[in-house]
Amino acid sequence: MINFQYIRTTTSKAAVDSLGKDKTAKFIAGGTNLVDLMKRGVTAPEKLIDINNVPLKQIELKGNILHIGALATNAAVAEHAVVKQRFPLLSQALNAGASAQLRNMATVGGNMMQRTRCGYFYDITMPCNKREPGTGCGAKEGYNRMHAIFGTSEACIAVHPSDMCIALAALDAQVVIMNPKGERKISFVDFHRLPGATPEKDNNLQANEMIIRVEIPLNTLAENSYYLKVRDRASYAFALVSVAAGLELKSNRIIKVRLAMGGVAHKPWRLTEAEAFLTGKDATEVNFKLASEIALKGSKSFGQNNFKLKLAPNSIIEALNQAKSKA
Amino acid sequence: MADKKTNNCPEKDSRRDFLKQSTLYTALALTPVTVLKAADKKVDERFAALFEKIPLTLNVNGSKHALSIEPRVTLLDLLREELQLTGTKKGCDHGQCGACTVHVDGVRVNSCLSLAVMNEGKSITTIEGLATGDTLHPMQAAFIKHDGFQCGYCTPGQIMSAVACVREGHAKSKADIREYMSGNICRCGAYPNIVDAIEEVQKSGGTV
Amino acid sequence: MKNSLLKDDTDRVDGIDKVTGKAKYFAEYQLPGITYGVLVPSTITKGTITGIDSKAAERAPGVLAVVSHLNRPEVKGYEASNTKPVPNGTLKIFYTDKIAFNGQPVAMVVADTYERAVYAAALVKVSYNKEIHATDFDENISKAKPPRNPSSAFYVRGEAEAYKNSAVTIEQEYILPTETHNPMELHGMLAHWDTENRVTVYAKTQGVKATQNTISSTFMIPMENVQVNSEFVGGGFGMALRTWPVEIAVVMAAKKVKRPVKLVITRDQMFTLVGHRPHAWQKIGLGADQDGVLKGITHHAIGQTSSYEDFTENIVNMTKFMYKSPNVNTSYKILPLDVGTPIWMRGPGEATGAFALESAMDEMAHALKMDPIAFRLKNYAETDPEKNRPFSSKYVDEAYKLGADKLGWSKRKNEPRQNKEGQWLVGYGMSTGVFSAGRGKATVRGVWYADGRLLLQSASSDIGPGTGTGMVQVAHGVLGVPVNKITFELGDSSLPPAPSQGGSATMSTVGSAVHDACTALKNNLAELAANSGMSVTDPIAEILKKNNLPSIEVTKESSPGNDQSKYSMYSFSIHFVEVKVHELTGVVKVSKIVSVGDSGKIVSPKTARSQMVGGAVGGIGMALTEESVIDHRYGKFINNNFADYHVPVNADVPDIDVIFINKPDPYTNPMGAKGMGEIALIGFSAAVANAVFNATGKRIRTLPITPDKILS
């Protein structure tokens with residue numbers, strides 16, 4: 001690993017300022033992804049700005065909105081009483097990710113910023129447009145069992161590895177971002193982006209911006225929600241496919257539904273058409289199946305991940321079944 | 001390193017003096033690239049090292065350490081190579097196995113993904129700091145009783161994780177123990193024995 | 001240290017060291033002036049190095065040397081041709097410009113700190129002449145060839161391919177992908193030349209004598225000038241059964257920089273530099289009459305090796321003697337590919353073979369509409385049909401019953417898809433495993449002190465099974481000395497010789513030598529007692545005092561007798577599992593395990609049980625999760641890390657019931673013990689595959705059984 005300059009900041013303003021001054025600088029919080037990437041030579045920042053002392057760890061309900069600071073750890077959010085009670089989907093998703101140790105280190109902001117786990121991205125001797133634009137995509141005709149079936153491009157078929165973000169996408173969260181001019185707020189589903197011709201950009205955060213917090217509005221889904229994660233072993237593995245499902249039911253009639261998928265796209269994949277189809281219908285296996293078929297529209301596989309065309313709809317049905325049976 | 005002392009923080013004065021004298025370098029930003037160039041020009045590497053190292057104060061197993069280290073040194077490598085606390089193991093170096101688990105301010109973390117400098121002022125507990133004098137921690141004793149290991153290499157990480165697991169309240173059922181201990185890989189396959197050991201400590205109700 | 005819970009004498013003798021972090025593994029020894037080695041791996045898979053630009057690395061802070069074939073110190077054993085142990089093209093590290101596999105070390109950077117060595121290694125620029133490589137097993141399968149030793153290549157009993165003429169036949173292909181041992185401890189070595197001609201190494205090895213021998217002959221220095229220390233080994237599973245080229249590289253580098261050099265390879269290098277369980281293709285043909293009597297068994301296998309060494313293992317052996325078919329034929333070929341040389345991995349070829357044979361047996365039982373246990377009993381071999389002689393002991397029939405009862409085999413329906421819990425299909429499966437109960441030659445030195453302490457020494461190893469714990473119990477059994485007064489020293493090449501820890505033979509081999517040494521001590525003491533008019537029941541302190549001796553000492557070499565040629569000696573295992581398969585997601589959970597060991601007398605019950613448990617966990621990995629994947633376009637592993645190569649985690653493993661027959665074998669060794677390390681895993685993957693079939697009706701013949709295969 002190249003040596004680097006290391007500085008600590010205590011305010012978000014100072015953090016944003018120092019980021020603006022140095023293009024080769026990066027923030028470090030939990031470090032669980034960044035240090036890994038630095039060890040592998042995937043990234044080599046010349047300066048690290050340690051933001052752990054910036055006071056952004058709050059988890060609090062303000063009116064109808066839950067505010068989660070960007071530096072709240074994954075474990076702190078997953079274990080928080082309000083989150084467990086009012087947003088169990090988020091708690092479940094967080095606990096489905098990584099390990100207890102990593103969740104103690106990783107932060108909400110860092111989780112959103114984590115890079116794909118595509119093997120070609122991680123191996124600096126392999127081609128990867130995300131790591132080194134123009135070198136090609138190693139996965140498209142290579143080992144792509146874990147890869148995307150939605151929103152892929154010629155340049156990239158990687159998936160976003162987060163579980164937390166899948167739940168946040170389903171829960172209509174907003175992201176509050178700070179830049180030198182002030183703050184801006186964007187919808188969580190617009191935070192991450194599809195690869196297109198510029199897969200090196202994972203999200204719409206600008207170079208001089210910092211995630212301050214995530215806001216989640218209270219909802220009516222808490223009683224009937226479920227995070228399903230299908231993976232190659234029972235724990236401590238990335239998703240083949242995951243589904244965040246939340247239902248508001250009135251005697252088996254679906255009043256409201258939220259669905260998002262992980263392991264299938266370059267960003268958390270919100271299933272708005274399937275949601276629209278299910279809204280107002282009965283929560284039946286038949287309707288779940290029809291919704292899962294709608295959800296698969298536009299999907300495309302690359303050989304080794306062909307199975308996801310079956311696993312994804314099946315997982316939607318299973319997640320809805322589980323969410324429903326929670327009542 | 002055998003020839004390094006634990007307390008090897010360079011005198012602040014010497015660093016300042018060096019910076020003053022070295023007008024060539026004060027004119028430049030202290031980036032690694034600069035240092036590299038210095039190395040290229042065969043500038044004395046001891047000076048280069050001064051540029052790269054920063055002071056760090058840590059409490060490890062109750063002992064305070066004032067150190068001077070490169071920011072790129074991980075907490076794991078600091079413990080093993082600098083402080084000779086080799087009970088904490090390197091199994092993957094990428095946060096994928098849990099062999100390097102230690103407690104930082106009482107919380108279990110993977111020390112391989114933590115830069116040592118990020119732990120300024122914090123208290124670290126490693127496996128060497130778990131027993132009280134000659135008396136084993138109940139979790140250590142339970143691991144022996146239930147044969148919760150074979151080769152022993154993942155064991156310190158398992159035990160540090162297990163203690164945290166009980167403290168967190170994640171050891172109340174076998175299913176919970178299995179899930180919350182899944183961040184510690186044991187290739188010898190001692191998992192069922194590990195679960196038995198943790199369950200026994202949890203049920204004993206004592207302080208862990 | 002005191003251990004308040006420690007009441008059971010059979011706890012591991014090194015338990016306290018291991019739970020307190022005091023146990024020192026090779027990389028944890030501090031030598032003055034220690035330096036750090038970091039490898040520069042080849043980025044091509046086949047070809048020639050045309051240049052190494054190490055200028056920037058050499059100028060980087062703290063760098064002492066960049067060792068490569070351009071500047072390496074002389075290695076006499078590499079210079080001489082046809083010198084053991086460098087036969088037929090063993091990779092002569094830093095002695096060739098040829099690249100034989102992706103990741104082959106082309107240089108080692110040595111620096112004064114680990115971080116500096118890592119950084120400098122990234123500055124080394126290597127240029128190559130690239131050639132077309134072959135890593136794809138399927139694409140190259142036609143290039144398979146019989147191994148050098150023709151006796152292992154073909155076997156016929158009765159008529160070849162006779163299965164085809166039977167009333168009921170099965171013919172299927174089974175695939176095992178490459179697996180990687182991946183012990184938790186990373187491989188490497190710490191080496192220091194004490195003088196020009198004498199080297200001390202701290203190694204991760206399953207055999208200190210073997211490592212000593214390899215270094216001695218490679219550097220052409222006397223055996224006694226090579227000191228190998230390896231007291232604690234963080235798992236091996238076979239990968240530390242040879243001294244790998246990277247270890248020689250460390251010894252070379254230490255010679256070059258004249259300081260201690262420590263190399264700890266990275267997890268991804270564990271996939272390329274220290275062997276793997278080779279990819280294997282198998283085809284099984286079974287023929288039976290309508291009553292389920294086997295008339296013919298045919299087993300063909302092809303296993304992968306490297307381009308520069310013939311690696312062989314016993315994939316088809318079990319087929320020759322497990323069932324009493326009159327007609328059996330087997331063949332075994334190897335397929336050289338541009339990968340590193342494989343090495344035996346727990347239950348080596350036998351585990352690969354048992355997956356195929358025991359899956360096929362289940363398929364045949366289903367075709368015959370017979371219970372799989374009844375089918376096996378119908379073809380039960382009371383004597384060894386391969387060698388036409390009795391088994392030294394075999395209680396497999398009893399083991400079937402014990403395991404079936406414990407699991408609740410009666411819940412199993414012979415037709416698949418009959419048991420369901422919600423969305424989960426429930427299935428039951430079983431299989432048999434077998435491994436040679438071999439015994440070798442070992443020497444043990446024993447010293448019995450007047451204060452009652454007993455010291456035993458042998459250059460054996462402990463990669464985890466609990467060698468010392470077992471030996472102490474053997475000694476206790478002979479002499480009655482309390483186990484806490486017995487010390488067993490191992491992992492030091494200066495101790496009396498013992499073979500490497502492999503092939504489940506340590507208890508049989510070293511245990512026998514301990515037994516014999518202790519018996520000699522007992523006899524010596526009795527003689528001393530008699531000579532001085534005392535009784536052997538008198539305290540040792542008094543007998544020795546009377547004879548004016550501080551202690552008595554023996555060094556005893558122990559070898560197997562000729563019973564080994566009169567009896568077929570095998571250790572057996574029967575694995576029973578219950579699985580749950582989720583219909584929609586394809587997820588498979590092993591929900592119950594019963595493993596029965598027919599492995600003679602159990603010497604050390606607690607560690608023996610742990611061995612069986614560990615084997616089952618390894619078996620879950622083999623069955624459900626493990627596969628090392630190469631992207632053949634580059635010849636490079638693509639999942640070479642613990643996040644993508646899935647070894648089982650805690651949540652994958654249910655409670656495991658272990659049952660031992662625990663009847664002494666009359667012929668294997670004085671303890672009546674048989675080996676256990678291999679049988680714990682052999683056959684397990686077939687039990688899972690059979691249970692998955694019973695649950696789903698889907699037969700999966702390519703491991704691992706991942707959700708995509710269930711859904712396909």
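Throughout, a chain's letter reflects where its sequence line sits, starting with A, and its residues are numbered from 1.
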For C:Asn641 and A:Tyr122, what are the C-alpha separation, side-chain angles and deciding distance, and is it a side chain to side chain donor-acceptor pair (under 3.5 Å)?
-> CA-CA 11 Å; C:Asn641 60 74; A:Tyr122 261 77; over 6 Å; no
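With a threshold of 4.5 angstrom between heavy atoms, C:Val118 approaches chain A through its backbone and through its side chain. When heavy atoms are compared at a cutoff of 4.5 Å, A:Met146 does not approach chain C at all. At a 4.5 Å heavy-atom cutoff, the contact between A:Leu240 and chain C is made by side-chain atoms alone. For A:Phe238, the part lying near chain C is the side chain, with the backbone staying farther off; criterion is any non-hydrogen pair under 4.5 Å. When heavy atoms are compared at a cutoff of 4.5 Å, A:Glu141 approaches chain C by way of both its backbone and its side chain. The contact between A:Arg231 and chain C is made entirely by backbone atoms, counting heavy-atom distances below 4.5 Å. Neither the backbone nor the side chain of A:Ile124 has a heavy atom closer than 4.5 Å to any heavy atom of chain C. Interface remark: A:Asn321 contributes side-chain atoms only to the contact with chain C (heavy atom separation under 4.5 Å).
One finds the CG atom of A:Leu311 at 5.5 Å from the CG atom of C:Leu711 (value rounded to the nearest 0.5 Å). The CZ atom of A:Arg145 sits 9.5 Å away from atom CG of C:Asn639, with the distance rounded to the nearest 0.5 Å. Taking CD1 from A:Ile2 and CD from C:Glu115, the interatomic distance works out to 14.0 Å, rounded to the nearest 0.5 Å. For the atom pair CG (C:Asp708) and CG (A:Asn305), the distance works out to 10.0 Å, reported to the nearest 0.5 Å. To the nearest 0.5 angstrom, C:Ile638 atom CD1 is 6.5 Å from A:Cys118 atom SG. Interatomic distance, C:Thr585 OG1 to A:Ile317 CD1, rounded to the nearest 0.5 Å: 11.5 Å.
Between the side chains of C:Tyr634 and A:Asp123, no donor-acceptor pair of N or O atoms lies under 3.5 Å.
A distance-only check finds no donor-acceptor pair linking the side chain of A:Lys310 to the backbone of C:Ser712 [under 3.5 Å]. Although no hydrogens or angles enter the test, the distance criterion places no donor-acceptor pair under 3.5 Å between the side chain of A:Arg233 and the main chain of C:Asp652.
Of residues 695-707 of chain C, those residues with a non-hydrogen atom less than 4.5 Å from any non-hydrogen atom of chain A are, in numerical order, C:Thr706, C:Pro707.
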